[in-house]
Amino acid sequence: MSTSPTSVQRAVSAASDWESNAQKQRAGKQPIEEIFGIDVFGWKTMHERLPKSVYKALQRVVHEGDVLHPSIADVVASAMKDWAAERGATHYTHWFQPMTGLTAEKHDGLIVPNGDGQVVLRLSGEELSQGEPDASSFPSGGLRATFEARGYTAWDVSSPAFIVRGQNHATLCIPTVFVSWNGEALDHKTPLLRSIDALNTQAMRILKLFGTDKGVGHIQATMGTEQEYFLIDRNMYFARPDLSTCERTLFGAMPPKHQQLDDHYFGSIPPRVLACMAEVEDELYRLGVPVKTRHNEVAPGQYEIAPVFEEMNIACDHQMLVMEALKRVSARFGLRAILHEKPFAGVNGSGKHCNWAIATDTGVNLLDPQDETHTNLQFLTFLTGVIRAVHLNGDLMRASIASAANDHRLGANEAPPAIISIFLGDMLTDIIEQLEKGTPSRTLKGGALDVGATTLPQIKRDSGDRNRTSPMAFTGNRFEFRAVGSSASVAWPCTVINTIVADSLGHIADEIEAAAGKDPTPAKLETAVKKILKGMVKDHKAVVFNGDNYTPEWHAEAERRGLVNLRSSVEAYPALASRQSGSLFKKHKVLSKAELESRIEVMYEKYAMQCEIEAQQMVLIARQMILPGAYEHQRRLAETVGATQGAGVDAGGVFSELEDFVELVNRFREKLDELDRAAGTDQGEAHASAAYLRGTVLPLMDDLRAIGDELEIRVASELWPMPSYRELLMLR
């Protein structure tokens with residue numbers, strides 16, 4: 001009756017055969033240096049293939065806000081079509097990011113009949129610039145009714161087109177936004193682009209006041225995202241209905257050894273995994289994704305991939321490509337990439353660390369403190385702007401990363417808690433403390449470390465340590481937002497950060513202009529800035545915390561400081577519906593009232609549906625798999641008792657074991673019936689359903705799991721119907 005031996009045997013076979021299969025797949029492949037970047041229609045390719053006037057016109061569209069003229073689009077479309085056809089593309093698609101959190105695409109052929117019995121390749125400027133997918137079946141949160149199906153995709157000129165390849169196909173993908181017939185944003189990219197514009201507007205005001213805007217065309221937000229994920233054997237993945245349906249295990253007893261010894265973290269990468277990683281990187285290089293880092297993460301079977309920094313819009317697109325590539329390529333090696341935030345209870349969960357910064361188009365990082373930081377008033381202005389933004393909008397940041405999946409991770413041993421705070425480190429903390437008291441006069445230096453061996457160099461010591469428990473940590477020249485979930489699109493939290501920082505920088509610019517004028521002298525500017533920053537540090541320093549964010553003491557301290565602790569998504573979502581949030585998004589033209597309300601509704605709906613699916617799947621696994629295995633084990637125990645007594649031997653020990661086991665099975669069945677009844681209760685609207693599921697159903701699921709995991713420990717291994725944690729996490 002058990003599928004476990006078969007699935008494990010298949011997994012062992014796949015693990016032993018991966019190398020020969022991989023060699024066959026790689027046969028005839030071009031060297032990486034020959035294929036790097038060739039499947040991206042970026043600025044370099046456009047410079048080579050477009051007339052100079054068209055190329056410059058596109059530059060003005062991206063950097064100066066010019067309107068894309070149809071005649072320009074026609075020229076670009078023709079060049080893009082020729083380029084794609086040379087690389088084997090037969091179809092094109094408008095590639096967009098609806099509010100599902102995933103990507104979407106509808107393929108159209110580049111090959112069309114010419115009416116003469118022949119075919120030609122064609123892509124017009126209109127087809128490049130605009131598409132019309134059916135909008136009715138995508139989440140809209142009430143923005144669109146089902147019978148109002150019209151929606152539009154529009155080419156995002158700032159993000160390069162690319163070609164995605166399969167076994168026998170190649171498709172030209174054109175990054176686009178997705179909006180309704182009324183122009184309302186139905187995607188994540190549109191608000192992101194708006195927030196980048198808002199940040200640019202307010203940051204340029206600060207530069208202009210400091211007189212450092214000369215030669216600067218615009219400010220760009222930058223992003224580098226570290227993606228954590230699990231790789232498990234594909235055969236065992238499909239042998240677990242909870243994993244294949246919910247991407248997380250709903251049952252699973254901890255094995256004696258998991259991550260306690262810290263021997264997996266940064267350890268030697270298993271050969272099959274490393275081969276898979278290399279193939280993923282190969283595909284991503286072709287797509288222009290500048291991946292740089294790969295390593296083992298904390299939990300067995302957990303890994304990380306990270307690119308170098310890019311402009312935020314492109315980085316967010318590339319992050320979606322990373323997730324898709326992990327899913328697609330891992331199957332070739334008999335593996336399955338799992339991006340859920342907490343696929344395995346009791347071990348490290350997966351996040352997505354978003355390294356956020358702002359820079360000029362001339363290459364100046366505005367969050368670089370430089371050597372004598374205490375004299376760098378412009379940096380301190382941007383730094384204080386971020387501190388103020390996070391302090392005033394911590395609840396909004398928490399809501400931006402809220403999801404049913406991330407609730408399992410936030411606050412656990414490896415993840416920052418649901419309290420949003422900022423880590424600055426010793427040097428910056430010392431400077432803002434000086435700033436609060438008056439004029440800063442020193443910058444702490446890190447010096448050098450002599451590790452004591454003549455063959456080793458001295459190590460440059462930073463002025464402060466890092467804090468891996470902080471949800472928003474300054475890490476040298478950027479902020480690392482570590483609370484984002486591994487399965488999430490980074491576009492939405494980036495939109496929130498851009499907007500709140502833009503608002504804070506706008507507030508500072510207003511204050512400076514009121515105190516010193518719009519074109520102040522250096523002396524008046526310095527006096528005004530120091531006074532303004534001093535007051536802001538005093539008002540907002542409560543959000544700065546450099547200690548251990550995991551301790552109970554910090555939770556108590558955070559409450560004293562007035563910082564909110566939104567422990568679940570259901571508690572966090574109302575922050576989006578506050579008057580403050582609505583005014584903020586409307587003021588900076590990032591989201592209208594209707595667009596914001598739609599997103600709140602979509603979030604509640606998704607939370608409720610995910611929890612409902614998990615509860616129903618848990619009931620099915622318990623009834624169809626666990627109980628039959630437990631009953632068979634119970635039957636064996638009963639036969640053993642009867643046989644022992646029949647032989648005239650005292651069966652007291654076995655009888656007691658049988659009694660205990662029967663009592664455990666009965667408790668499991670009773671709790672299962674309770675969950676089944678609760679999960680089938682309709683609460684109506686998504687808000688009410690989410691609250692009910694969080695407060696009633698999820699605790700019942702936890703109770704049922706605890707009993708089920710105890711059963712797993714006691715049932716004979718050949719009777720347990722699913723691969724165990726030991727097999728899932730250890731077999732590579």
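No experiment lies behind these values; they were computed from the predicted model shown. The first residue of the sequence shown is numbered 1, and numbering continues consecutively from there. Side chains included, hydrogens not; waters and symmetry mates left out as well; all remaining heavy atoms used.
- The minimum heavy-atom distance between M397 and I420, with the atom names listed, is SD-CG2, 4.1 Å.
- Within a 6.0 Å sphere centred on CZ of R726, heavy atoms belonging to other residues, nucleotides or ligands number 12 at most.
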Candidate pair R694 and Y607, rule side-chain contact (heavy atoms from CB on, under 4.5 Å), full reasoning: CA-CA 9 Å; R694 169 66 184 176; Y607 181 96; 3.4 Å; yes

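- In this structure, K352 does not pair ionically with E341, as no charged nitrogen and carboxylate oxygen lie closer than 4.0 Å.
- More than 12 heavy atoms of other residues, nucleotides or ligands shown are found within 6.0 angstrom of CD on E659.
- The 12-atom threshold is not exceeded at CZ of R567, counting heavy atoms of other residues, nucleotides or ligands nearer than 6.0 Å.
- A search for salt bridge (Lys or Arg N to Asp or Glu O under 4.0 Å) contacts involving R248 returns E614, not counting sequence neighbours.
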Trace of the salt bridge (Lys or Arg N to Asp or Glu O under 4.0 Å) decision for R332 with E279: CA-CA 9 Å; R332 301 173 195 167; E279 190 84 358; 3.3 Å; yes

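- A centroid separation of 6.0 Å or more is found between the aromatic rings of F545 and F423.
- A salt bridge does not link E304 to R294: none of the charged nitrogens lies less than 4.0 Å from a carboxylate oxygen.
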Verdict with supporting geometry, E557 and R560, salt bridge (Lys or Arg N to Asp or Glu O under 4.0 Å): CA-CA 5 Å; E557 172 64 21; R560 285 193 293 271; 2.8 Å; yes

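- A salt bridge is absent between K342 and D407: the closest approach of a Lys/Arg side-chain nitrogen to an acidic carboxylate oxygen does not fall below 4.0 angstrom.
- Closest non-hydrogen pair, S350 versus Q302, comes out as OG-NE2, 3.0 Å.
- No donor-acceptor distance shorter than 3.5 angstrom exists from the side chain of S400 to the backbone of P493, with no hydrogens or angles considered.
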Stepwise salt bridge (Lys or Arg N to Asp or Glu O under 4.0 Å) test for E632 and R635: CA-CA 5 Å; E632 175 62 18; R635 185 189 66 78; 2.5 Å; yes

Steps toward side-chain contact (heavy atoms from CB on, under 4.5 Å) verdict (L243, L250): CA-CA 8 Å; L243 274 177; L250 302 174; over 6 Å; no

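- Below 30°, between 30° and 60°, or above 60°: for F251 and F668 the angle between ring planes is between 30° and 60°, a tilted geometry.
- The existence of a salt bridge linking E674 and K671 is confirmed by a sub-4.0 Å separation between a basic side-chain nitrogen and an acidic carboxylate oxygen.
- The residues D263 and K257 are annotated as salt-bridged, a charged nitrogen and a carboxylate oxygen being separated by less than 4.0 angstrom.
- The ring of F661 has its center closer than 6.0 angstrom to the ring center of H633.
- Here H340 and Y229 keep their ring centres 6.0 angstrom or further from each other.
- Of the possible donor and acceptor atoms, none in the side chain of S421 sits under 3.5 Å from a partner among the backbone N and O of V544.
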Stepwise salt bridge (Lys or Arg N to Asp or Glu O under 4.0 Å) test for R240 and E247: CA-CA 10 Å; R240 296 274 319 208; E247 287 284 297; over 6 Å; no

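- No more than 12 heavy-atom neighbours from other residues, nucleotides or ligands sit within 6.0 angstrom of CZ on F655.
- Taking the centre of each ring, Y303 and F230 stay at or above the 6.0 Å mark.
- The pair D673-R669 does not count as a salt bridge, with every side-chain nitrogen at least 4.0 angstrom from each carboxylate oxygen.
- Side chain of T551 to backbone of D548: a donor-acceptor contact under 3.5 angstrom is found.
- Under a 3.5 Å cut-off, the side chain of S403 and the backbone N or O of N406 do form a donor-acceptor pair.
- Under the 30°/60° scheme for interplanar angles, the aromatic rings of W356 and F479 are found to be tilted.
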